[in-house]
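For this chain, numbers begin at 1 and follow the sequence in order.
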Amino acid sequence: MIPAYVIVEGIEALPTLPEAVARLTMLLRNEQASTSDFEQAVRSDPAVTANLLKAANSVFYQAIEPITSVSQAVARIGLKRVFEVAIGTSFRRALPARIYGYGIEAPAFWLHCTATAVYAEALGHMCGLPSPDSAFTAGLLHDVGKLVVGRFLEELMPESNWWAFGTAAAERELLGSNHCEVGYEIASRWRLPLPVAQACRWHHEPVTGVDGVDTDLTAVVHIADHLAYLAGFPGSGGKGEALVPQALLRLKLNQEQLECLAERYKEEILRISHATSLSAA
């Protein structure tokens, strides 16, 4: 097993989220915040600004006149999407070229994270979550712990074996911890909202009934992760973790609904993934 302090050192080696994301997080919680406040936060980060303009000029939001300023972009795509582009851009920049230990390149890993985010937000609206916006962020970051855990898996066993072996339970058996637990620590270090950090921690154990955990949100992220695999956006080798039936029961969903959702949002997933790609960073 890997000593806890070594894993902590791996977490501390990750870059922090930039100031722009921290400011936007605070603004989203402030009902008195103005559009101008959001514009100022975005302008402090050139990569976020570039990707925001890219998103606003994408086919999805296409208009006659191109968007050339942050204020126009905010007006076109809305404050919520501004935050999504900002946190997506920042997280994308933290990814190495390859997620070692899991046998996956960064673009494919990012596409899985984006897919999980989009499906989580859709499920959040469908199931009446109080804050479906949090579902998007939780879905986007649900596998952030793999950035650290993968380094240790690479040292302990060949990737060729991990494709058949890789589950959160197997990680814990091998390392003494798993990407869910490490993901919680990373989200906490990045000062993200507690429900987001908890969803990172419990997305493979969505109905454990731990006090203080938003079980609806963790169930949403769990199912969204499954939908990403179902739609052809795998986050690592194999077919992903098994779907916990109780999560479907909790949210009153069935397999037919999942199959419809998996297909319905593919275009939006590709659009958002493109909007936060490194080519604009």
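- Put simply, the side chain of H203 gets close to the backbone of C200: a donor and an acceptor are under 3.5 Å apart.
- L24 and A86 get closest at one heavy-atom pair: CD1-CB, 3.3 Å.
- Shown here for K266 and A231, the closest heavy-atom pair between the two residues is CE-O, 3.3 Å.
- Partners of T68 under the side-chain contact (heavy atoms from CB on, under 4.5 Å) rule, at least two apart in sequence or in another chain, are Q72.
- If you take NZ on K146 and CG on L153, they are separated by 9.5 Å, rounding to the nearest 0.5 Å.
- Contact of the V207 side chain with the W202 side chain is not registered, since no non-hydrogen atoms from C-beta on lie closer than 4.5 Å.
- Pairs engaging residues 72-98 under the ring pair (Phe, Tyr, Trp, His ring centres under 6.0 Å) rule: F91-W110 [sequence neighbours left out].
- Note on V182: it clusters hydrophobically with V6, by side-chain heavy-atom contacts below 4.5 Å among ILVMFWY residues.
- Here the side chains of K54 and N51 are in contact, with some heavy-atom distance below 4.5 Å.
- Here E259 pairs with L230, Q255 under the side-chain contact (heavy atoms from CB on, under 4.5 Å) rule; sequence neighbours left out.
- Residues satisfying the ring pair (Phe, Tyr, Trp, His ring centres under 6.0 Å) test with Y265, not counting sequence neighbours, are none.
- With contacts defined as side-chain heavy-atom distances shorter than 4.5 Å, the pair L175/L156 qualifies.
- Under a 3.5 Å cut-off, the side chain of T218 and the backbone N or O of A199 do not form any donor-acceptor pair.
- Of all the heavy atoms in T114 and S273, the pair that sits closest is CG2-N, 3.7 Å.
- Side-chain heavy atoms closer than 4.5 Å link hydrophobic residues (I, L, V, M, F, W, Y) into clusters, and following such links, possibly through other members, connects L14 to F109.
- The two residues R151 and L147 come nearest to each other via the heavy atoms NE-O, 3.3 Å.
- Atom SG of C180 sits about 6.5 Å away from atom CD of E205, to the nearest 0.5 Å.
- With a 4.5 Å cut-off on side-chain heavy atoms, T116 and L140 do not count as touching.
- Looking only at atom types and distance, the side chain of H179 has no donor-acceptor partner in the side chain of H142 under 3.5 Å away.
- The six-membered or imidazole ring of H226 lies away from that of Y119, with a centre-to-centre distance of 6.0 Å or more.
- The residue from F233, Y102, Y229 that alone fulfils the ring-ring contact (aromatic ring centres under 6.0 Å, His included) condition with H112 is Y229.
- Proximity of L258 to L243: side-chain heavy atoms (C-beta onward) are separated by under 4.5 Å at one or more points.
- Screening residues 209-235 for salt bridge (Lys or Arg N to Asp or Glu O under 4.0 Å), with sequence neighbours left out, gives D216-R250.
- In this structure, E155 contributes its side chain and F152 its backbone to no donor-acceptor pair below 3.5 Å.
- With sequence neighbours left out, the ring pair (Phe, Tyr, Trp, His ring centres under 6.0 Å) criterion links H222 to no other residue.
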Go through the steps to decide whether T167 and E171 satisfy the test side chain to side chain contact (heavy atoms under 4.5 Å, CB included), and finish with yes or no. CA-CA 6 Å; T167 65; E171 290 171 356; over 6 Å; no
Side chain to side chain contact (heavy atoms under 4.5 Å, CB included) assessment of L227 paired with L123: CA-CA 10 Å; L227 281 170; L123 286 166; 4.0 Å; yes
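- Residues that satisfy the side chain to side chain donor-acceptor pair (under 3.5 Å) test with S71, not counting sequence neighbours, are S69.
- Nearest heavy-atom pair, S44 versus A20, reported as atom, atom and distance to 0.1 Å: OG-CB, 3.6 Å.
- Inter-residue side-chain proximity for L192 and I87 is flagged as met; some heavy-atom pair is nearer than 4.5 Å.
- Remark: R43 engages E39 in a salt bridge (charged side-chain N to carboxylate O under 4.0 Å, His left out) (not counting sequence neighbours).
- Residue pairs meeting the salt bridge (Lys or Arg N to Asp or Glu O under 4.0 Å) criterion with at least one member in residues 113-124, sequence neighbours excluded, are K80-E121, R81-E121.
- Looking only at side-chain heavy atoms (C-beta outward), V149 and N178 stay at 4.5 Å or farther from each other.
- Cluster membership for V244 and L129, using ILVMFWY side-chain heavy atoms within less than 4.5 angstrom, is not shared.
- A33 meets the side-chain contact (heavy atoms from CB on, under 4.5 Å) test with L27, N30, D37, F38; sequence neighbours excluded.
- Residues V220 and G124 come closest through the heavy atom pair CG1-N, 4.3 Å.
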Side chain to side chain contact (heavy atoms under 4.5 Å, CB included) assessment of L111 paired with L270: CA-CA 8 Å; L111 192 55; L270 294 172; 4.1 Å; yes
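- Listed by first then second residue, pairs satisfying salt bridge (Lys or Arg N to Asp or Glu O under 4.0 Å) with a partner in residues 181-195 read R172-E181, E181-R201, not counting sequence neighbours.
- Transitive grouping of hydrophobic side chains (ILVMFWY, heavy atoms separated by less than 4.5 Å) brings L79 and V196 into a common cluster.
- In this view, A73 and L52, L53, A56, I67 satisfy the side-chain contact (heavy atoms from CB on, under 4.5 Å) rule, not counting sequence neighbours.
- Ion pairing of R23 with D45 is absent here, as no side-chain N (NZ or NE/NH1/NH2) approaches a carboxylate O to less than 4.0 Å.
- Separating the CZ atom in R271 from the CD atom in E268 is a distance of 5.0 Å, to the nearest 0.5 Å.
- Here the OG-CD distance, from S134 to Q198, works out to 11.0 Å after rounding to the nearest 0.5 Å.
- Residue I223 is not grouped with residue V213 when hydrophobic side chains (ILVMFWY) are merged at heavy-atom distances under 4.5 angstrom, including chains of intermediate members.
- Side-chain contact between S90 and R93: present, with at least one pair of heavy atoms (C-beta onward) separated by less than 4.5 Å.
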